[in-house]
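Structure first, then comments.
Keep in mind it's a predicted model, so treat the numbers as computed, not measured. Any value given below was found using the heavy atoms of this structure, including those in side chains, with hydrogens, waters and symmetry copies removed. Whatever order the structure lists ligands and atoms in, that order sets their numbers, starting from 1.
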Amino acid sequence: MKESIETIKKKFNSELAAAYDLETLEKVRVRFLGKKGEITSLMKSLGQVTAEEKPLLGKELNQFKKSAEKMLEERKTELKSNTSLSLWEKERLDVTLPGKPFKIGRKHPLISVLKEMEEIFTCMGFQVVEGPDVEMDYYNFEALNIPQDHPARDMQDSFYITPDVLLRTHTSPVQIRTMEAQAPTLPVRVIAPGKVYRRDDDLTHSPMFHQVEGLVVDKGISMGDLKGTLLLFAREMFGSDREIRLRPSYFPFTEPSAEVDILCIICDGRGCRTCGDSGWMEILGSGMVHPKVLRISGYDPENVTGYAFGMGVERIAMLKYGIDDIRTFYNNDLRMLKQHQIS
Ligand code: PHE
């Protein structure tokens, strides 16, 4: 008797769960609670059990009957409220529909620009080298002819770790490390991309940003080589008719030094808000490697010359994609990342 109650309970539950319309539900009700229904006949057979079993089994059967009635009633209301679509219809799966496309990760726009820069220079015969982010004062300043009292050495501008160790403020220390490792072999023709750190934080400055350093040392290298290389770079990066200009400047590790501008990519030189009405945009610092820098790194400035340049990757990316807030690169706002999907 007890076992048949269990079996019928299970059967009832599964049939109820499969009743997706009112018609089927009514059939389930009749099958279990109708005059000849399974629960009804079970109640009738209560008369055959022993006197001591009777109260317990009777109670259980009664409870089951009540809950079955309740469940049927609940299911009925549920199905009635779903008259337009049966549950089955709602859950039906149309396997002929096209699937939802997977969203694939892509290169960050900043990394895309960096890779593009690397590509342009490697095509010109440059080798990609790297140096440490945590750098010694010697490489970051001393060997680059940056005197003790230079403002760049100020604790205000640099992140010092110990008095002699800091987060590099530019990629120029890689110039020294490369020459030291290679001297006196010629030619040196490298670019050094990487992160640099300065105590800056506003719309166009971030405490961490990226630079690409360039260095060429060989016999007879001139300012003309520098200009030709940078012109080619500017045209590969910003379009085949892009003009550049060199403006005299000062860096302790280059002599002479020049800042390089490109003709404004927004207004083509007519003058606009982005270029501050000058028609030109500054993209990098450069110059001929200072003889002291060559000598300290193992090259003889009487026999060889070289040029160097350093450019900000964020700056180039901002110009190229018309982004005016540097923080856009680090917020990882998916809308921006999708908008500047480059490859
Ligand atoms: N290191 C300089 C800077 O960060 C740029 C530079 C590199 C200038 C190489 C000249 C030569 O501003």
Task: For Phe126, the option from Val188, Leu215, Val216 that meets side chain to side chain contact (heavy atoms under 4.5 Å, CB included) - done: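 Exactly one candidate clears the test, Val216.
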Task: side chain to side chain contact (heavy atoms under 4.5 Å, CB included), paired with Phe209, selected from Phe329, Tyr330, Tyr197 - done: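 Passing option: Tyr330.
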Open item on the list: Quick check on the 6.0 Å ring-centre criterion: do Phe12 and Phe32 meet it?
Closed with: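 They qualify: ring centres under 6.0 Å apart.
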Open item on the list: Is the terminal nitrogen or CZ of Arg177 (NZ for Lys, CZ for Arg) located under 6.0 angstrom from the six-membered ring centre of Tyr139 and within 45° of that ring's axis?
Closed with: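 The answer is yes; both the distance and angle limits are met.
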Task: Note: Glu116-Lys107 ion pair, threshold 4.0 Å (strictly below) - done: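 No, this pair does not count.
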Task: Lys/Arg-Asp/Glu bridge criterion (N-O < 4.0 Å) met for Lys66, Glu69 - done: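 Glu69 and Lys66: not salt-bridged.
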Open item on the list: Heavy-atom contacts with ligand 1 below 4.0 Å: which residues, ordered by chain and residue number?
Closed with: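 Lining ligand 1 at under 4.0 Å, by heavy atoms, one finds His170, Ser172, Gln175, Arg198, Gln211, Glu213, Phe251, Phe253, Thr254, Gly285, Ser286, Ala308, Phe309, Gly310.
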